[in-house]
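Computed from heavy atoms alone, side chains included, the values below leave out hydrogens, waters and symmetry copies. What you see is a predicted model, and the numbers here were worked out from it, not measured in a lab. When a ligand or atom number is given, it counts from 1 through the structure's own listing order. Numbering starts at 1 and runs along the sequence shown.
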Amino acid sequence: MDFIKVTEQKEPFVALIELNRPKELNALNHQLMTELLMALQQLDKNDLVRAIVLTGNEKAFAAGADIKEMAEKTAIEMHLMDRFTTWDQIRKTKKPIIAAVSGFALGGGCELTMMCDMIIASETAKFGQPEIKIGTIPGAGGTQRLTKAVGKAKAMELILTGRFLSAEEAHFYGLVNKVVPVEMYLHEALQLAKEIAQVSPVAVQLAKEAINRSFETQLDEGLAYERKNFYLTFASEDQKEGMKAFIEKRKPEYKGK
Ligand code: DAK
């Protein structure tokens, strides 16, 4: 893989994916996105991985989709290339993904952080959907996910002007989980992943699925989905182990089964 670096077991049961196109501020070209999808699909199948941290570098998480790659394309070429399939499949990752963001998270970069399940930001992080400044609009979910995350008024302001949101503001609006000094953001994200990796991976995946369902359904349907997944946890060894360990006053040992 040229543009992605994967490190497993950085912490127990945690994998770290680093976007690695630093000269282009991690601009998300097709190769990088394909490599990212491959890495996520492999990690999803890997029993030694229970939580994933996705990061860039201090200067940029990612400054957007690669403008140079798409600048001359026609609408029909874009349609036929069907690059959104890769993005859609990334969203289907079953294991939790924490974005560790420092510097620019713009355009597709911001959309990628919002496709993750949680975001830890460094104080230097800047989020934005500046597509309007280059004559287009967000295409990988920005108008929908940013609006759901920060509300209509702020999303309109950000998307219609292309202004950036500082880490502090992103935290205020609920886009990110936590803001920490730049030397801490990766550590903090890995710690969060490590904590999640200690509970039942079966329950974690079922919970993630149910939470995401809340964005796509009415309450009744969402509740029914949650109930189905709740029952499903009782088919796992992990649920038996978790409750038994509680009663026996010991630490549970989860197997992800
Ligand atoms: N694409 C390509 N190259 C980029 C880039 C980008 N998005 N962002 C930065 N670079 C490159 C620069 O061209 C420069 O390359 P050289 O000139 O050195 O060859 C290098 O990275 C360093 O950038 P700067 O010299 O500009 O660095 P500065 O610190 O001065 O400025 C900046 C940093 C982040 C403010 C600036 O680079 C910037 O404004 N970048 C563009 C931000 C932007 O407009 N992002 C939104 C792009 S549109 C899709 C999925 C998603 C999308 C579309 C389709 N499909 C699945 C089909 C999403 C679209 C977008 O994200």
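Both the sub-6.0 Å distance and the 45° axial angle are satisfied by Lys126 relative to the ring of Phe104.
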* Step-by-step side chain to side chain donor-acceptor pair (under 3.5 Å) determination, Asp82 to Thr85 -> CA-CA 6 Å; Asp82 194 21; Thr85 305; 2.7 Å; yes

* Asked: Checking side chain to side chain donor-acceptor pair (under 3.5 Å) for the pair Glu209/Gln205: CA distance, chi angles, key distance, verdict?
  -> CA-CA 6 Å; Glu209 203 179 68; Gln205 288 183 31; over 6 Å; no

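With ligand atoms numbered from 1 in the order given, ligand 1 contributes 29 (O) to contacts under 4.0 Å with heavy atoms of Lys59.
A salt bridge does not link Arg145 with Glu111: none of the charged nitrogens is closer than 4.0 Å to a carboxylate oxygen.
At least one protein heavy atom sits closer than 4.0 Å to atom 44 (O) of ligand 1. At a distance under 4.0 Å, a protein heavy atom can be found next to atom 1 (N) of ligand 1. Atom 30 (O) of ligand 1 lies below 4.0 Å from none of the non-hydrogen atoms of the protein. Per-atom contact check: atom 26 (O) of ligand 1 does not touch the protein, criterion being a heavy-atom distance below 4.0 Å.
Ranked by closest heavy atom to atom 41 (C) of ligand 1, the top entry among Leu106, Leu28, Ile67 is Ile67. Relative to atom 7 (N) of ligand 1, the option among Ala60, Ala65, Cys110, Ala105 with the closest non-hydrogen atom is Ala65. Ranked by closest heavy atom to atom 12 (C) of ligand 1, the top entry among Lys68, Glu24, Gln129 is Lys68.
With a heavy-atom cut-off of 4.0 Å, Ile134 touches ligand 1 through its side chain alone. When non-hydrogen atoms are compared, ligand 1 lies under 4.0 Å from the backbone of Arg83 as well as from its side chain.
In this structure, the side chains of Gln129 and Ile159 come closer than 4.5 Å at one or more pairs of heavy atoms. For the pair Ile17 and Ile4, the minimum side-chain heavy-atom distance is below 4.5 Å.
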